Amino acid sequence: MIISCSASQSLAAALATETGRTLADVSYTAFPDGELLFATEPDADTAIVIGATPTSDAHIELLLAQDAAREAGAQHITTVIPYMGYARQDTAFEPGQPVSARAVATAIGTGTDHVLVVNPHTNDVCDYFGVPAEPVDAASRLAEPLPESLTDPVFLAPDEGAISIGQTVRDAYGAGAVDYFTKTRLSGTTVEIAPSDTDVADRDIVIVDDIIATGGTMSEAIGVLTDRGAARIYATCIHPVLARNARVRLAKSGITALYGTDTLERAASTVSVAPVLADRLRDQQ
Ligand code: R5P
């Protein structure tokens, strides 16, 4: 039985199709004071609870869904977190600040037996759940929409943290170079990019990142590539957070295409991670 939170309905449906499991009836309502009310079918034995947590309400809803599964009789609960919010706050950056990723992971871990997290910002956050938790790498899926005839392509990580994702997408595509830029974050929305020496003129570029949030990182990288005469530029990511004006910012930057996966349900979420999750769940049966 797959029990879906409201933020992950399309992915839950795709996962049900991929795995042949039943998609549980669910309802998402709220009390007049704003408190959420989650309900599901009262007959689950083994439950897969799936819910991205891009907002505080989504976090609460995931906790309620886990508890509903337990109340419904589930003896074993696997919690799938397609996008884990707060994962980038994986350390106390200033004295007096929390390790926010640990705080939310601890809460999620109390309601489940096992956790799968799709491309967390760092795999280390899996240690915070207090129950067995594993990252699931869905980066290979980003090769799927690319045209077969890219010209001398470069798979570019906009910072060092995304190099392995770039390599995975290149391997899945089957050809091309891997390169990376070096990034310094100046504020929440602005970054400074130090480009590499790679000649990108007249080459097709696939920029690969784990997250596009404000679009600041991607915009800077696109600017550098455009100035250097790159041909087509594809902006891709696992998690298309696309906060505030990010979509317009990227549309104006001159990209050929923007796409991400359905770990977050956006217009740009044209690639599903369901096959990767289904494989992982099958391996664990
Ligand atoms: C940072 O380390 C991540 O890999 C992304 O590059 C970053 O989160 C993107 O954020 P933004 O779109 O706001 O630049």
Side-chain angles (χ1 to χ4, degrees), residues 52-55 58 81-94 97 99-102 104-105 117-126 128 135-142 154-170 178-196 205-226 233-255 257-261 263-269 271 273:
T53 56
T55 64
I81 309 177
Y83 168 73
M84 181 183 166
Y86 287 88
R88 286 181 291 174
Q89 297 184 50
D90 57 350
T91 189
F93 297 105
E94 303 280 347
Q97 291 184 355
V99 180
S100 303
R102 181 179 60 203
V104 300
V117 191
V118 180
N119 290 90
H121 184 58
T122 67
N123 290 348
D124 291 347
V125 297
C126 290
Y128 291 143
V136 177
D137 185 4
S140 61
R141 301 290 299 143
L142 293 177
V154 179
F155 292 83
L156 179 77
D159 61 35
E160 287 153 292
I163 296 173
S164 71
I165 299 178
Q167 284 166 337
T168 301
V169 182
R170 190 275 311 273
V178 178
D179 193 21
Y180 69 96
F181 288 172
T182 304
K183 179 174 87 177
T184 307
R185 183 162 286 285
L186 304 177
S187 73
T189 56
T190 56
V191 300
E192 196 173 71
I193 293 277
S196 70
I205 312 295
V206 183
I207 313 176
V208 184
D209 207 350
D210 59 340
I211 298 172
I212 301 176
T214 66
T217 302
M218 216 32 108
S219 303
E220 275 300 305
I222 293 162
V224 170
L225 294 164
T226 304
I233 302 175
Y234 296 84
T236 74
C237 66
I238 306 283
H239 307 298
V241 174
L242 297 172
R244 299 181 185 161
N245 63 344
R247 187 66 191 87
V248 168
R249 200 174 179 185
L250 293 171
K252 288 173 69 67
S253 69
I255 47 173
L258 163 71
Y259 63 88
T261 79
T263 60
L264 290 167
E265 300 186 352
R266 306 280 191 263
S269 305
V271 183
V273 301

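Quantities reported herein were computed from a predicted structural model and do not represent experimental measurements. Whatever order the structure lists them in is the order used to number ligands and atoms, beginning at 1.
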| message | Looking at every heavy atom in both A139 and I165, which two are closest together, and how far apart are they? | response | CB-CG2, 3.6 Å

| task | Quick one: look up the protein heavy atom nearest atom 8 (O) of ligand 1 and list residue, atom name and how far away it is. | result | R88 NH1, 2.8 Å

| remark: Near I212 (heavy-atom distance under 4.0 Å), the atoms of ligand 1 are 12 (O)

| task | Can you establish whether the number of heavy atoms outside R244 located under 6.0 Å from its atom CZ is more than 12? | result | no

| note | among protein heavy atoms, the one nearest atom 9 (C) of ligand 1 is I211 O, 3.4 Å

| request: Indicate yes or no: does an N/O atom of A213 lie under 3.5 Å from an N/O atom of ligand 1? | output: yes

| message | One residue to check: D210. Relative to ligand 1, which of side chain, backbone, both or neither has a non-hydrogen atom less than 4.0 Å away? | response | side chain

| request: Only heavy atoms count here, so choose which of T189, T217, D209, I238 is nearest to atom 5 (C) of ligand 1. | output: D209

| query | With a 4.5 Å limit on heavy-atom distance, are the side chains of I212 and L242 in contact? | reply | yes

| message | For the OG1 atom of T184 and the CD atom of E220, what is their distance to the nearest 0.5 Å? | response | 10.5 Å

| message | Below 4.0 Å, non-hydrogen atoms only: which portion of R185 touches ligand 1? Side chain, backbone, both or neither. | response | side chain

| request: Indicate yes or no: at least one non-hydrogen side-chain atom of I207 is less than 4.5 angstrom from one of C237. | output: no

| What part of K183 sits under 4.0 Å from ligand 1 if we count only heavy atoms: the side chain, the backbone, both or neither? | side chain

| Minimum heavy-atom distance between S100 and Q89, given as atom pair plus value | OG-OE1, 3.0 Å

| field | Atoms in ligand 1 flagged as close to H121, the criterion being non-hydrogen separation under 4.0 Å | value | 1 (C), 2 (O), 3 (C), 4 (O)

| message | Testing the basics here: between S253 and T226, what is the closest heavy-atom pair and its distance to 0.1 Å? | response | O-OG1, 4.4 Å

| request: Quick one: look at V241 and ligand 1, take heavy-atom pairs under 4.0 Å, and tell me if it's side chain, backbone, both or neither. | output: neither

| said: Tell me whether Y234 at atom OH has more than 12 heavy atoms from other residues, nucleotides or ligands lying less than 6.0 Å away. | reply: yes

| task | For D159, counting its heavy atoms only, list the atoms of ligand 1 lying under 4.0 Å from any of them. | result | 1 (C), 2 (O), 4 (O), 6 (O)

| Quick one: does G215 get an N or O within less than 3.5 Å of an N or O on ligand 1? | yes

| Counting distance only, does the side-chain N/O of R102 pair as donor-acceptor with the main-chain N or O of A105 below 3.5 Å? | no

| said: For atom 13 (O) of ligand 1, what is the closest protein heavy atom, and at what distance to 0.1 Å? | reply: T214 OG1, 2.6 Å

